[in-house]
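Shown next, in structure tokens, is the structure this report addresses.
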Protein chains: 2
Amino acid sequence: MLPWKAGRIGDHIRDVQTPALVLERGHFERNMDRLMQSVGALRVRPHAKSHKCPEIARQQIARGAVGICCQKLSEAAVFAAEGIENILVTNQVVGAQKCQTAAQLAQRIQLGVLVDDRLQIEQLAHAMKQLPAPNPRCMDIYVEVEVGGARCGAMPGAVLALVTLIRHHPTLRFAGLHCYNGAAQHKRTPSERQSAVDQVAFIAEQTIGLLKRAGIEVPCITGGGTGTFAMDCARGVMTEVQPGSYIFMDADYRRNELWLKDPVFDQALFVLTSVISRSHEGFVVVDAGLKASSVDSGLPEVWRNPDLLYKQASDEHGVVQARSGQSPRLGATLKLIPGHCDPTVNLYDDLLVIDKDHVVDVWPIAARGACL
Amino acid sequence: MLPWKAGRIGDHIRDVQTPALVLERGHFERNMDRLMQSVGALRVRPHAKSHKCPEIARQQIARGAVGICCQKLSEAAVFAAEGIENILVTNQVVGAQKCQTAAQLAQRIQLGVLVDDRLQIEQLAHAMKQLPAPNPRCMDIYVEVEVGGARCGAMPGAVLALVTLIRHHPTLRFAGLHCYNGAAQHKRTPSERQSAVDQVAFIAEQTIGLLKRAGIEVPCITGGGTGTFAMDCARGVMTEVQPGSYIFMDADYRRNELWLKDPVFDQALFVLTSVISRSHEGFVVVDAGLKASSVDSGLPEVWRNPDLLYKQASDEHGVVQARSGQSPRLGATLKLIPGHCDPTVNLYDDLLVIDKDHVVDVWPIAARGACL
């Protein structure tokens with residue numbers, strides 16, 4: 001629908017129209033490599049909710065990822081249509097219509113979803129039963145366990161009953177436990193993150209033991225994000241980790257103090273913005289506000305320019321203060337580090353890939369807005 | 001790109017998939033009527049940055065609006081392509097490429113843009129000169145005046161020089177003064193808003209006087225938003241007001257205490273969300289997080305259910321606390337009042353129009369993501 005794009009292949013970065021979402025190819029590829037080097041033998045299933053971009057999913061899989069995670073069923077449908085064949089929706093799917101869609105999708109790809117309630121299992125099993133094929137392909141069901149995130153997740157004591165119910169349905173396959181604490185990813189000190197990781201691992205071990213005593217093996221324990229995956233690997237309970245933001249990074253994740261085994265991920269995602277007004281002493285106004293860079297986890301920061309402070313966002317404007325009083329000129333372009341990468345990416349239709357100051361590719365953010 | 005829509009015409013609201021952006025038609029139409037009743041003879045140019053929806057712009061114009069405002073040139077291009085012929089971009093347009101686009105657009109519609117610097121005027125005039133036609137249609141240029149918003153806007157003492165420069169260029173027409181204080185819209189008490197409105201009016205009057213003494217008439221003084229337009233009308237300096245959010249309303253605007261002449265606008269915009277997890281005592285998890293309802297101006301609120309408090313948003317989840325301890329059932333649908341309507345609308349491709357609990361229309365949010 002939009003009348004024009006911010007940039008095209010071959011454009012010099014100075015000719016890109018702003019605001020624009022850009023990805024530094026070198027940093028992005030190094031981040032993917034560093035992740036694979038740091039996980040050893042553990043399976044990696046990167047979270048695609050961060051990028052919503054099939055081209056990135058393909059590159060992650062080409063580097064050894066077993067598949068991807070999505071956070072919404074409609075997101076998974078977009079990636080499936082783009083040829084991604086192994087997707088775990090790390091979320092509960094509720095309601096007849098969505099369960100029907102999930103059942104249909106599970107016939108085309110290896111689809112996993114989470115449950116934390118009997119009703120979700122019954123609805124999914126019912127939808128699988130309604131499929132026309134005589135022998136439908138199974139859907140992978142992971143039980144989400146409450147491991148400290150205080151959000152979704154069954155209490156550990158309720159897991160056995162849920163697993164038993166899953167195993168009762170021949171079209172559902174008990175695929176493992178989902179043990180993820182989102183808030184833990186953003187705790188600032190390694191010791192805070194280590195406590196959270198230890199708690200996740202402890203609850204996971206207790207739950208595995210509980211199932212084992214009932215004669216049930218757990219095929220997979222999946223969890224961990226950009227903030228904790230290295231600790232999760234070292235702790236040794238997870239069999240699969242799900243980092244998402246590591247490919248991009250953002251101002252929020254950059255505030256985490258690193259643990260000794262945390263790889264250093266480079267800032268690869270930026271919002272390009274231009275100065276459009278400079279009538280005041282000491283500050284300028286740029287064309288990227290909160291519709292161009294999400295502010296839910298804090299304001300964006302100006303890349304490699306400690307003199308400039310992005311101090312206020314309104315819908316379509318940002319106020320950038322020059323501490324020295326030397327404001328950039330009208331039309332000057334700044335690179336912003338988004339406060340939070342995932343919702344920032346979700347504002348754009350395209351990602352401009354930059355190498356040596358030129359646009360070398362334009363990748364559609366095909367699942368942008370896929371919130372169903 | 002998205003695989004399916006949240007709802008179709010004829011669907012009962014209980015069958016709409018969530019999260020979904022819905023508009024109560026009756027409330028929306030009443031809001032439009034109340035605005036027109038309350039402005040008297042003043043011109044109304046509603047701000048389309050709130051809705052980004054050509055169908056809504058058409059209805060506003062059908063009710064008497066002189067045209068619309070847009071906040072970005074790409075937004076204006078979308079509306080122009082949909083047949084809207086009178087658009088004021090209430091923002092500075094900077095850079096050769098954008099000025100060229102603006103010049104071309106000004107040949108198809110009556111286009112206005114703001115300036116607060118000589119360079120913007122020179123760039124626009126240069127772009128108009130490059131047009132192939134021998135007698136290009138003029139572009140309307142409004143000087144934005146700093147009236148207390150501390151963002152864009154020339155200092156009053158700098159306005160005469162800018163107007164003189166505009167009048168020096170035959171392809172540019174001095175169309176008026178843009179006197180808008182965004183922050184004033186959200187001040188909670190009428191007396192705070194009145195002070196801000198008085199300041200805007202005082203500076204506008206001083207500037208008009210200054211131009212008059214130089215023999216220059218000001219054709220239009222435009223400004224005011226949903227929070228202040230009634231006071232702006234009463235104060236008597238504005239000749240045109242630009243409210244945007246009044247058609248929808250949001251939790252932030254609902255926190256404004258009304259002034260005696262402020263019309264009451266009904267909440268017309270909602271995010272429908274469903275309970276997807278309820279493993280904890282006292283709270284449930286819903287499927288609308290910050291990618292479904294913007295949190296920059298505060299969290300969403302649950303419509304007409306004082307027992308339920310939306311207390312935490314993550315990317316794709318919301319935590320809703322039941323004060324009574326009586327949590328809604330799994331799959332239950334809630335109506336949320338978005339914290340801030342504009343960036344919430346910008347997350348969706350479609351607006352489902354609801355009347356008597358049924359989807360009666362689906363309006364594309366055609367300029368969603370048009371941030372250039």
Side-chain angles (χ1 to χ4, degrees), chain A residues 1-4 6 15 17-19 49 71-72 74 77-78 81 91-92 94-95 97-98 101 116-117 119-120 146 150-155 158 182 274-280 285 290-292 295-296 313-317 319 330-331 342-343 346-349 364 366-367 369-372, chain B residues 1-4 6 15 17-19 49 71-72 74 77-78 81 91-92 94-95 97-98 101 116-117 119-120 146 150-155 158 182 274-280 285 290-292 295-296 313-317 319 330-331 342-343 346-349 364 366-367 369-372:
Chain A
M1 287 297 229
L2 298 188
W4 66 85
D15 297 322
Q17 289 192 60
T18 61
K49 81 190 190 81
Q71 195 63 16
K72 293 284 186 160
S74 57
V78 174
N91 210 342
Q92 281 64 16
V94 176
Q97 244 183 306
K98 281 197 186 159
T101 307
D116 64 1
D117 192 289
L119 184 63
Q120 296 145 358
E146 163 55 74
R151 206 168 59 183
C152 300
M155 298 303 154
S274 302
V275 175
I276 57 165
S277 174
R278 46 166 305 171
S279 330
H280 289 76
V285 180
L290 57 88
K291 285 184 190 167
V295 299
D296 59 90
S314 44
D315 289 22
E316 292 91 355
H317 296 104
V319 172
L330 202 69
D342 299 20
N346 190 46
L347 296 167
Y348 291 87
D349 290 324
C371 63
L372 293 172
Chain B
M1 288 298 229
L2 298 189
W4 67 85
D15 297 322
Q17 289 193 60
T18 62
K49 80 191 191 81
Q71 195 63 14
K72 294 284 186 162
S74 57
V78 174
N91 210 342
Q92 281 65 16
V94 175
Q97 244 182 307
K98 281 197 186 158
T101 308
D116 64 1
D117 192 289
L119 184 64
Q120 295 145 359
E146 163 56 74
R151 205 168 61 183
C152 301
M155 298 303 154
S274 302
V275 175
I276 57 165
S277 174
R278 45 167 306 172
S279 329
H280 289 76
V285 181
L290 57 89
K291 285 183 192 168
V295 299
D296 58 90
S314 43
D315 288 23
E316 292 90 357
H317 296 104
V319 172
L330 203 68
D342 299 20
N346 190 45
L347 296 167
Y348 291 86
D349 291 324
C371 63
L372 292 173

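Order of the sequence lines sets the chain letters (A, B, ...), proteins ahead of strands, with each chain counted from 1. Note: hydrogens, waters and symmetry copies are ignored here, and every other heavy atom, side chains too, is used. Everything numeric in this text was worked out from a predicted model, so none of it was measured.
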*Picking from A/Asp349, A/Asp15, A/Leu290, which has the most non-hydrogen pairs under 4.5 angstrom with chain B?*
A/Leu290

*Proximity breakdown for B/Ala292 and chain A, heavy-atom pairs closer than 4.5 Å*: neither

*Examine whether an atom of B/Ala6 lies under 4.5 Å from a heavy atom of chain A, and if so say whether it belongs to the side chain, the backbone or both; otherwise answer neither.*
both

*Is the side chain of B/Ser279 donor-acceptor paired with the backbone N or O of A/Gly153 at a distance under 3.5 Å, no angle test?*
yes

_Top of A/Ala150, A/Pro343, A/Gly182 for chain B proximity - count of heavy-atom pairs under 4.5 angstrom_ = A/Ala150

*Looking at B/Gln92, B/His280, B/Gln97, which has the largest count of heavy-atom pairs under 4.5 Å with chain A?*
B/His280

*What heavy-atom pair brings A/Cys152 and B/Val285 nearest, and what distance separates the two atoms?*
SG-CG1, 3.7 Å

*Relative to chain A, which segment of B/Glu316 carries a heavy atom at a distance below 4.5 Å: side chain, backbone, both, or neither?*
both

*Contact part of B/Ile276 toward chain A, heavy-atom cut-off under 4.5 Å: side chain, backbone, both or neither?*
both

_B/Lys98 NZ to A/Ser274 OG distance, which is reported to the nearest 0.5 Å_ = 6.0 Å

*What part of A/Ala370 is in contact with chain B, defined as an atom under 4.5 angstrom from a non-hydrogen atom: side chain, backbone, both or neither?*
both

*Using non-hydrogen atoms only, which part of B/Gln17 is less than 4.5 Å away from chain A: side chain, backbone, both, or neither?*
both

*For A/Asp342, is it the side chain, the backbone, both or neither that has a heavy atom under 4.5 Å from a heavy atom of chain B?*
both

*asked:* Quick check for you: among B/Val295, B/Leu330, B/Leu347, which has the greatest number of heavy-atom pairs under 4.5 Å with chain A?
replied: B/Leu330

*asked:* Need one label for A/His317: side chain, backbone, both or neither, based on atoms under 4.5 Å from any heavy atom in chain B.
replied: side chain

*What part of B/Asp117 gets closer than 4.5 Å to chain A, counting heavy atoms only: side chain, backbone, both or neither?*
side chain

_Heavy-atom closest pair, residues A/Pro19 and B/Lys72_ = CD-NZ, 3.8 Å

*Identify the two heavy atoms, one from A/Gly331 and one from B/Val94, that lie closest to each other, and give their separation to 0.1 Å.*
CA-CG1, 3.8 Å

*asked:* Between A/Ser74 and chain B, with a heavy-atom cut-off of 4.5 Å, which part of the residue counts as in contact: side chain, backbone, both or neither?
replied: both

*Taking every heavy-atom pair that is under 4.5 Å apart, which of A/Thr18, A/Val275, A/Leu119, A/Thr101 has the most such pairs with chain B?*
A/Thr18

*Answer with side chain, backbone, both or neither: which region of B/Lys49 has an atom nearer than 4.5 Å to a non-hydrogen atom of chain A?*
both

